*Asks:* 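Quick one: this structure, given as structure tokens, is what I'll be asking you about.
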Amino acid sequence: MGVHATKVVLLAAIAISFIVSLFQSQINPYFLQIIIYIGINIILATSLNLINGYAGQFSLGHAGFMALGGYTGAVVSTTLGATPGGSSAVIILPLALVLGGIVAALAGLLVGIPSLRLRGDYLAITTLGFGEIIRVVIQNLDFLGGARGFTGIPKLTNFFWVFSVVSITVFVISNLVNSSYGKGFLAVRDDEIAAQAMGINTTKYKVVAFVTGAFFAGVAGGLYAHFVSYINPQQFSFIRSIEIVVMVIVGGMGNTPGVIIAAALLTILPEALRPIAEYRMVIYSLSLVIIMITRPQGLFGRELSLRSLLGRLRKQAMPV
Amino acid sequence: MNSAPGNILELKACGINFGGLTAVSALEVAIGRRDLLGMIGPNGAGKTTVFNMITGVYQPTKGSVLFDGRNIVGLKPYQIAGLGIGRTFQNIRLFPSLTVYENIQVSLVKTLRHGFSHSTLQLPRFHEEERAVRASIVELLEIFNLTHVMNERATSLPYGDQRRTEIVRALATKPQLLLLDEPAAGMNATEKVELMRLIRLVKERFDIAILLIEHDMKVVMGICERIIVLDYGIKIAEGPPEAIRNNLSVIEAYLGEQAA
Ligand SMILES: Nc1ncnc2c1ncn2[C@@H]1O[C@H](COP(=O)(O)OP(=O)(O)OP(=O)(O)O)[C@@H](O)[C@H]1O
Ligand SMILES: [Mg+2]
């Protein structure tokens with residue numbers, strides 16, 4: 001692989017996203033919606049995979065970061081008065097997405113701090129609580145529409161934006177974990193005591209994982225808000241966080257291609273099951289149970305299973 | 001560089017309690033810049049605890065730890081590693097999901113001048129630095145004959161190779177002082193001979209001080225210039241191998257262990 005190979009792939013992916021978006025109006029709106037959701041879920045799942053899969057921290061707060069990005073983005077674009085199709089959207093949407101990402105990243109910094117001391121299930125519960133706090137706070141903020149939700153967000157998100165962000169997210173996270181610097185995340189996951197003894201500032205790595213993961217979740221929230229044009233706090237409950245965690249576990253923790261495929265499959269599955277209405281969620285849940293029993297390491301990942309992660313967390317407590 | 005006078009490490013009146021248990025007390029140790037110092041003692045004597053106090057895993061409850069003349073008590077383990085103390089673990093702690101190559105790569109993270117932004121955006125300096133990292137890992141692996149297994153999962157190697165990989169990983173942090181905790185444990189006779197050769201090689205080639213905990217008397221007596229004996233957290237003897245071998249209180253401490 002040449003030195004610039006990954007950059008070429010990134011640019012090609014963005015170019016293809018652009019070309020496809022030119023024909024977006026020809027795509028059946030229902031299919032388009034599913035495709036957009038797949039893209040958004042890929043961003044959410046691959047970014048959570050950095051925290052849960054690569055850095056080995058169990059976060060259950062991704063929906064909270066997504067909410068922060070969604071609401072921030074909505075405030076930015078409505079304040080600046082962007083209109084769909086208007087040329088200003090080309091500047092306003094990226095601005096809204098980046099600001100949403102930054103607000104979520106700052107929140108990630110806040111959650112990263114308890115993660116310095118907590119591990120495993122304690123961290124999971126803390127982050128879950130954090131996500132719920134964000135939701136409840138938004139619910140009580142009138143200027144964000146409170147429980148009624150935020151309406152009138154310009155529909156700026158299209159195929160191009162979603163899949164450009166997907167490409168950037170995958171590019172950034174793959175580069176990160178494949179670099180020498182990024183090996184620090186894996187070291188933190190595998191054995192914190194050994195990592196520290198080799199000079200790794202484990203605290204800093206955990207925070208970097210949280211902040212980076214939260215940033216992309218925030219951007220995904222912004223894309224979502226500008227696609228559905230109406231958001232409310234219920235859309236970002238902990239159920240949403242769990243859905244994203246499930247995508248990571250099914251794809252294989254620490255396995256980016258696996259997580260991408262799982263995000264796509266698990267977005268399509270409930271839709272594909274729609275004809276059998278009332279059994280839909282039963283079958284969806286049942287498939288998850290079967291996958292976890294037969295392939296605890298995830299559908300694609302031999303990288304790291306939930307079981308071995310728990311084993312490792314126990315090992316951390318072992319005498320030095 | 002290493003010719004500066006003074007000791008690389010000094011423990012002064014070092015002690016630590018775990019609840020009611022005094023694991024180590026009033027310990028005085030001085031290690032010169034090129035010393036190969038052995039530390040022996042019966043099970044539970046406090047040897048590993050000494051390593052943990054030096055590396056910041058535990059805070060001594062009394063006394064000070066001077067590294068290169070500076071008190072390092074209170075620094076975090078990663079900071080102490082950064083100053084130049086490398087270690088291995090009694091229960092091997094290689095990173096289980098990483099290859100031999102990647103295990104060593106982790107040790108080089110602290111030497112990187114470019115971090116997050118260079119790695120994610122792959123700026124020009126990034127590739128330059130990654131090439132340098134690769135070159136130094138391969139060089140280390142060649143010295144220790146581990147090139148043929150570099151892409152294997154470290155924990156899938158035979159026990160002896162895992163111990164060697166752990167030593168190489170510690171060396172990759174470019175320490176001035178290397179702490180080895182029972183490197184011969186679990187090795188067969190041939191591997192032990194090979195280990196002794198390797199430790200001598202490390203000392204000569206890297207020009208560093210080594211503190212070696214080891215139960216195998218052949219190994220300790222064979223390579224150490226000086227030996228410290230711990231018993232119940234107290235230093236009961238110190239001297240060259242011959243003197244230690246004939247020291248009465250040392251013999252008693254070990255006999256006591258056999259009787260128990
Ligand atoms: N974290 C801890 N909490 C409580 N007690 C501890 C702790 N670490 C060590 N100890 C105790 O301190 C004493 C010294 O233990 P240490 O592991 O240093 O012995 P050792 O000389 O390395 O023995 P071995 O040769 O078996 O490795 C033991 O009694 C041990 O139980
Ligand atoms: Mg020990």
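Below, all heavy atoms of this structure are taken into account, side chains as well, without hydrogens, waters or symmetry copies. Values in this document were obtained by computation on a predicted structure and should not be read as measured data. Here is the naming used below: chain letters follow the sequence lines, and residue numbers restart at 1 for every chain.
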*Asks:* May I ask you to name which of B:Pro77, B:Pro175, B:Ala170, B:Gly86 has the most heavy-atom pairs under 4.5 Å with chain A?
*Replies:* B:Pro77
*Asks:* Under 4.5 Å heavy-atom distance to chain A, tell me which part of B:Phe116 shows up: side chain, backbone, both or neither.
*Replies:* both
*Asks:* Side chain, backbone, both or neither: which part of A:Phe185 has a heavy atom under 4.5 Å from chain B?
*Replies:* neither
*Asks:* Measure from NZ or CZ of B:Arg70 to the centre of the six-membered ring of B:Phe67 and say whether it is under 6.0 Å with the direction within 45° of the ring axis.
*Replies:* no
*Asks:* CD1/B:Ile54 to CG/B:Leu11 distance, rounded to the nearest 0.5 angstrom?
*Replies:* 5.0 Å
*Asks:* Using 30° and 60° as the class limits, which term best fits the ring planes of B:Tyr58 and B:Phe18: parallel, tilted or perpendicular?
*Replies:* perpendicular
*Asks:* Hey, is OH on B:Tyr232 packed in by over 12 heavy atoms from elsewhere, all under 6.0 Å?
*Replies:* no
*Asks:* Does B:Asp35 come within less than 4.0 Å of B:Lys203, counting only side-chain N to carboxylate O?
*Replies:* no
*Asks:* Sort out for me which of B:Ala172, B:Gly82, B:Ser119 touches chain A most, counting heavy-atom pairs under 4.5 Å.
*Replies:* B:Ser119
*Asks:* Quick one: what part of B:Leu98 sits under 4.5 Å from any heavy atom of chain A, side chain, backbone, both or neither?
*Replies:* both
*Asks:* Hey, are B:Glu102 and B:Arg169 close enough for a salt bridge, meaning a charged N less than 4.0 Å from a carboxylate O?
*Replies:* no
*Asks:* Give, as side chain, backbone, both or neither, the part of B:Thr173 having an atom under 4.5 angstrom from any heavy atom of chain A.
*Replies:* side chain
*Asks:* Distance only, no hydrogens: is a donor on one side chain within 3.5 Å (strictly under) of an acceptor on the other, for B:Glu130 and A:Ser179?
*Replies:* no
*Asks:* Of the backbone (N, CA, C, O) and the side chain (C-beta and beyond), which part of A:Thr203 lies under 4.5 Å from a heavy atom of chain B, both, or neither?
*Replies:* neither
*Asks:* Select one option (side chain, backbone, both, neither) describing which atoms of A:Val172 are under 4.5 Å from chain B's heavy atoms.
*Replies:* both
*Asks:* Side chain, backbone, both or neither: which part of B:Val133 has a heavy atom under 4.5 Å from chain A?
*Replies:* side chain
